[in-house]
Asks: 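The structure's right below; bear with me while I get my questions together.
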Amino acid sequence: MPVKSPYNRPYRPIALTIAGYDPSGGAGVLADIKTFESLGVYGLAIITSNTHQNDVSFKGVTWLAKKEKEKNMALLAERFPVKAVKLGMHKDLQDVVHSIKLCEQHFPDIKITWDPVLAASAGFDLNIKIGKNSLHNILSKLVLITPNQQEAEKLGKSKNANEAASVLSKECPVLLKGGHSSDKKHSTDYLFINGENKKEYSSVRIKGIEKHGSGCVLSAAITASLANGDSLKEAIDKGKKYVTHFLKSNNTLLGYHLN
Ligand code: PXL
């Protein structure tokens, strides 16, 4: 824990991302840092991996050793009062558990959001096994998990994403993202808490606005808002607004962030 940090208020709140490095800047820590900065939060990043990809083609991933993460966590904790963390691409569930333990050890009361990247948007399956114990260890520590439909089905071991999200939400709030759903006209995200669907976020799909890494941007925007002290519902509202602007920013796969 930082003993006397010069980075407390009146300076900007600080958020951390622990995720993969995507050299195209569309996803991973680069996307997260751009989002944090745009939302008035100072961003720190620790990488779990170096991915080899551009905006359309994913060629592989080189994972970093856990001790590299440990070293950087300890160094950051000496100086920075991190309020919220976003966990992105990790090698397996044990690696996610490891990140959560480090966060709790170094930053008491930190708000942890997990964007469970099980496959990359450019078509690469990370082949992560879903063990019940690890999953429970993770979910019980989170303020929010943000799976897309396929991720929810895999995590919740169900062929129905809403059913899976409902089950998962008995352990932590779930924002089920509709971006990859079969509905061609609308994209609807569902917030599940304690087994119930509490809120829907529906938007009209606009042709040609698919973006590489939009899931990263949404979870990072929510994390920035949580670092700012917003409630979970406020953070999701702000996150949705931010990602909508990002999706509409241009007609390519790589979106622009707010100035
Ligand atoms: O969008 C999922 C994602 C997350 N994190 C990293 C990625 C990707 C997709 O390619 O590369 C590092």
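Quantities reported herein were computed from a predicted structural model and do not represent experimental measurements. Counting starts at 1 for both ligands and their atoms, following the listed order.
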Asks: Name the closest protein heavy atom to atom 5 (N) of ligand 1, giving the residue it belongs to and the distance to 0.1 Å.
Replies: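 Here the closest protein heavy atom is G28 N, 3.8 Å.
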
Asks: Can a donor-acceptor pair be found between the side chains of D115 and T146 at a distance below 3.5 Å?
Replies: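 Per modelled atom types, D115 and T146 side chains form a pair under 3.5 Å.
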
Asks: For atom 6 (C) of ligand 1, find the nearest protein heavy atom and state the residue, atom name and distance (0.1 Å precision).
Replies: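 Here the nearest protein heavy atom works out to M89 CE, 3.7 Å.
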
Asks: If you measure from the Lys or Arg side-chain nitrogens to the Asp or Glu carboxylate oxygens, is any gap between E196 and K170 under 4.0 Å?
Replies: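 Salt bridge between E196 and K170, a charged N being under 4.0 Å from a carboxylate O: no.
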
Asks: Is it true that the side chains of H245 and Y256 contain a donor and an acceptor less than 3.5 Å apart?
Replies: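 No, because no side-chain N or O of H245 sits under 3.5 Å from a partner of the opposite role on Y256.
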
Asks: What is the closest protein heavy atom to atom 10 (O) of ligand 1, and at what distance does it sit?
Replies: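 Checked against all protein heavy atoms, atom 10 (O) of ligand 1 sits closest to Q53 OE1, 3.1 Å.
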
Asks: Suppose we measure from atom 2 (C) of ligand 1 to each protein heavy atom; which comes out shortest, and what is that distance?
Replies: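 For atom 2 (C) of ligand 1, the nearest protein heavy atom comes out as V117 CG1, 4.0 Å.
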
Asks: Test of understanding: given a 4.0 Å heavy-atom threshold, classify the contact between C216 and ligand 1 as side chain, backbone, both, or neither.
Replies: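 Under 4.0 Å from ligand 1, C216 contributes side-chain atoms alone.
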
Asks: Thinking salt bridges, do K69 and D95 make one under a 4.0 Å N-O criterion?
Replies: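 Looking at K69 and D95, the cut-off is met.
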
Asks: Please report which non-hydrogen protein atom sits nearest to atom 1 (O) of ligand 1, along with the residue it belongs to and the distance in Å to one decimal place.
Replies: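 Protein heavy atom at minimum distance: S121 OG, 3.7 Å.
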
Asks: Hey, looking at atom 3 (C) of ligand 1, which of S24, G20, A19, A27 has the closest heavy atom?
Replies: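 The option holding the nearest heavy atom is A27.
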
Asks: Can you find an N or O of D22 that's nearer than 3.5 Å to an N or O of ligand 1?
Replies: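 By distance alone, the answer is no.
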
Asks: Tell me whether E104 is salt-bridged to K141, with the criterion being a basic N under 4.0 Å from an acidic carboxylate O.
Replies: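 Looking at K141 together with E104, the answer is yes, because their closest N to O distance falls below 4.0 Å.
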
Asks: Between F246 and H257, how do the two ring planes meet: parallel, tilted or perpendicular, split at 30° and 60°?
Replies: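 If you compare the ring of F246 with that of H257, the planes turn out tilted.
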
